[in-house]
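Note that the structure is a prediction, hence the values are computed from the model and not measured. Protein chains get the first letters and strands the later ones, always in sequence-line order, with residue 1 at the start of each.
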There are 2 protein chains.
Amino acid sequence: MKCKRCGALAAVKLPSHHAGFCPECFEVFFKRQVETAVRRHAMIQPGEKVLVAVSGGKDSLALMRVLSDLGHDVEGLHVHLGIPDSSDPVCAKTEAYFQDNGFTLHVLRMEDVGLAIPAVKAAVRRPICAVCGKIKRHYFNRFAYENGFAALATGHNLDDEVARLFANVLRWDAAYLGGQGPVLPAEGRFVRKIKPLYRVTEFETAAYCFFKGIDHWKAGCPYSGGASFTGHKKLFADLEDRSPGQKVAFYEAFLDRGRPHFAAPNQAGGETLAPCQTCGYPSSSEICGVCRIRAQVEAKAAS
Amino acid sequence: MKCKRCGALAAVKLPSHHAGFCPECFEVFFKRQVETAVRRHAMIQPGEKVLVAVSGGKDSLALMRVLSDLGHDVEGLHVHLGIPDSSDPVCAKTEAYFQDNGFTLHVLRMEDVGLAIPAVKAAVRRPICAVCGKIKRHYFNRFAYENGFAALATGHNLDDEVARLFANVLRWDAAYLGGQGPVLPAEGRFVRKIKPLYRVTEFETAAYCFFKGIDHWKAGCPYSGGASFTGHKKLFADLEDRSPGQKVAFYEAFLDRGRPHFAAPNQAGGETLAPCQTCGYPSSSEICGVCRIRAQVEAKAAS
């Protein structure tokens, strides 16, 4: 197979785009997909500072690289979770990548705010992944808001988005369907949330990292049973195999023709929010979920 | 495994209902599912005559039997398509079943209305299955309307409905999503359309026929490449394997929470209809699709 752009030997085949690319042209393709996503949904205005949520995995490192290459003013934030044998090496690897590339990285240590994940896990009874996700979302948003970033960019790719959309469709959850999309506008102390990788697949992001020599963290979290929506992703992989292009068509058709039938996207998920009486960030109850988790951790430590 | 109702040895296992049943109790379960569907969606009012669209396959014969057993006033209509080596034996088998059970069967021969399917196939360029479906829908509705039936019942089962819903969701086709459901209300010369089997699966309908000794037609149509939505059905079978009950939950959630966001169900699929100038039945153009097909067949025969 030959590269669709330059005619050289193709290194990657993309049936959904009826194309194969050599490594250099694949990079052009990948950047254009992200550029299209950013432009089509007005994700970033000229001069705006963007914070990238950086886990250290392939998606977040690729996102940092491509947004920077596209000329955007980006910095990264890594949340150090305090998990033994995991958080330190992930953080060190992430810091090395940022240093090598001349990118700015901020690190927030959950231990410093009384929310080291092992202590949280010991104190709360709910599944730790949901709780950890809530904490990370809170601090990513809060850091962006307090440091003048116009938007928070996350590395969700097409497979993540399609699997989440399918989960919402299976339940016909109108609030979630209305709220799902590549952009959530800013709202009070919520900064704008953007997903510039929503048009590229997990495979494409992995190929981008491979060709660019991006040495990302590959091991999973020791507390997690595996990636989310694995079954739904497999299901859409089968569908894509039978009908290349189906995944992106399904998601774009949802944005064009499905979502308008549901409530307008908002960060509250249809709930009425007021400032948390402890931290001041938007909450559906008097004390926000993160402040309540911290209180549980403190109570456990005191017991 | 024991029967959930009577404790005898179970002959069929239904993970989605956390149950197994012996043949007798399975029949009770099956009838109750249909009874629930009919009652919940007010499909049939007391004293109404219902016409069952009878292909001769398992779904239509099971539907005839169960509606009759539930005390409804039902008759069948079989459309004889005029396909060599197929339509005659299908029709004979269907007639034998109706006679053995004391049911009333009407037979409409497409040859008699100038629409024998082989002639149609030779005259039109579109895929024959879509054209044949259009012709059958026209005559089922027309016969019901002209003979005082309040509703036309078809044998669509849960698998058919879920696969069709998924196809509509993949395209986010708002008119089709609004129009999909177990009941379409009557509208002008369109009689009410009902799907009393929408809560039972293909497997359950096959098991019902097996236990009741219903000898249905098993071979496919010689003109068809196979059943519709085979891929989508496989996909939902895998999903059901992982999460028993997911199929019916998805469909019922759509009816409760999804469909209300789309246009109200109507038989025109969002189009404006007026009487066909040839046959008088509702059409989106001056001459309806079926009358235009007949004109093509006549032109071909004259050429």
Side-chain angles (χ1 to χ4, degrees), chain A residues 15-16 158-159 161-182 198 225-265 269-270, chain B residues 15-16 158-159 161-182 198 225-265 269-270:
Chain A
S16 65
L158 181 63
D159 295 285
E161 288 296 286
V162 163
R164 179 178 298 272
L165 175 57
F166 185 55
N168 291 334
V169 166
L170 279 180
R171 291 192 315 275
W172 289 97
D173 188 317
Y176 278 52
L177 285 167
Q180 180 164 5
Y198 91 89
S228 312
F229 301 126
T230 317
H232 294 351
K233 284 183 179 174
K234 168 80 174 59
L235 183 152
F236 271 88
D238 293 348
L239 197 65
E240 183 77 17
D241 258 2
R242 283 188 281 127
S243 316
Q246 184 83 79
K247 274 190 301 200
V248 75
F250 169 55
Y251 194 74
E252 292 284 10
F254 166 71
L255 295 180
D256 287 349
R257 302 193 295 269
R259 197 174 60 171
H261 291 277
F262 298 92
Chain B
S16 64
L158 180 63
D159 295 284
E161 288 297 285
V162 162
R164 177 177 300 270
L165 175 57
F166 186 56
N168 290 335
V169 165
L170 279 180
R171 293 191 315 274
W172 288 99
D173 187 317
Y176 278 54
L177 286 166
Q180 180 163 5
Y198 90 89
S228 312
F229 301 127
T230 317
H232 295 350
K233 284 183 179 175
K234 168 81 174 59
L235 185 152
F236 272 89
D238 293 348
L239 197 65
E240 183 78 18
D241 257 2
R242 284 189 280 126
S243 315
Q246 184 83 80
K247 276 191 300 202
V248 75
F250 169 55
Y251 194 74
E252 292 284 10
F254 166 71
L255 295 179
D256 287 349
R257 301 192 296 268
R259 197 174 62 169
H261 291 276
F262 297 93

**OP:** Look at D238(A), L165(A), V169(A) and state which one has the largest set of heavy-atom pairs under 4.5 Å with chain B.
**Re:**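 Between D238(A), L165(A), V169(A), the count favours V169(A).
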
Subject >> chain A contacts, top residue of R259(B), E252(B), R257(B) (heavy-atom pairs, under 4.5 Å) >> reply: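 When all of R259(B), E252(B), R257(B) are compared, R257(B) has the most.
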
Subject >> Counterpart residues, side-chain contact (heavy atoms from CB on, under 4.5 Å), relative to H232(B) (two or more places apart) >> reply: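 Partners of H232(B) by the side-chain contact (heavy atoms from CB on, under 4.5 Å) criterion, ordered by chain and then number, come out as L239(A), R242(A), A163(B), F166(B), A167(B), L170(B), F229(B).
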
Original post:
salt bridge (Lys or Arg N to Asp or Glu O under 4.0 Å): which pairs involve residues 162-171 of chain B, sequence neighbours left out?
Top reply: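 The answer is R171(B)-D173(B).
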
Original post:
Between F262(B) and W172(A), what is the shortest heavy-atom contact and its length?
Top reply: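 Scanning both residues completely, I find the closest heavy atoms to be CE1-CZ3, 4.3 Å.
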
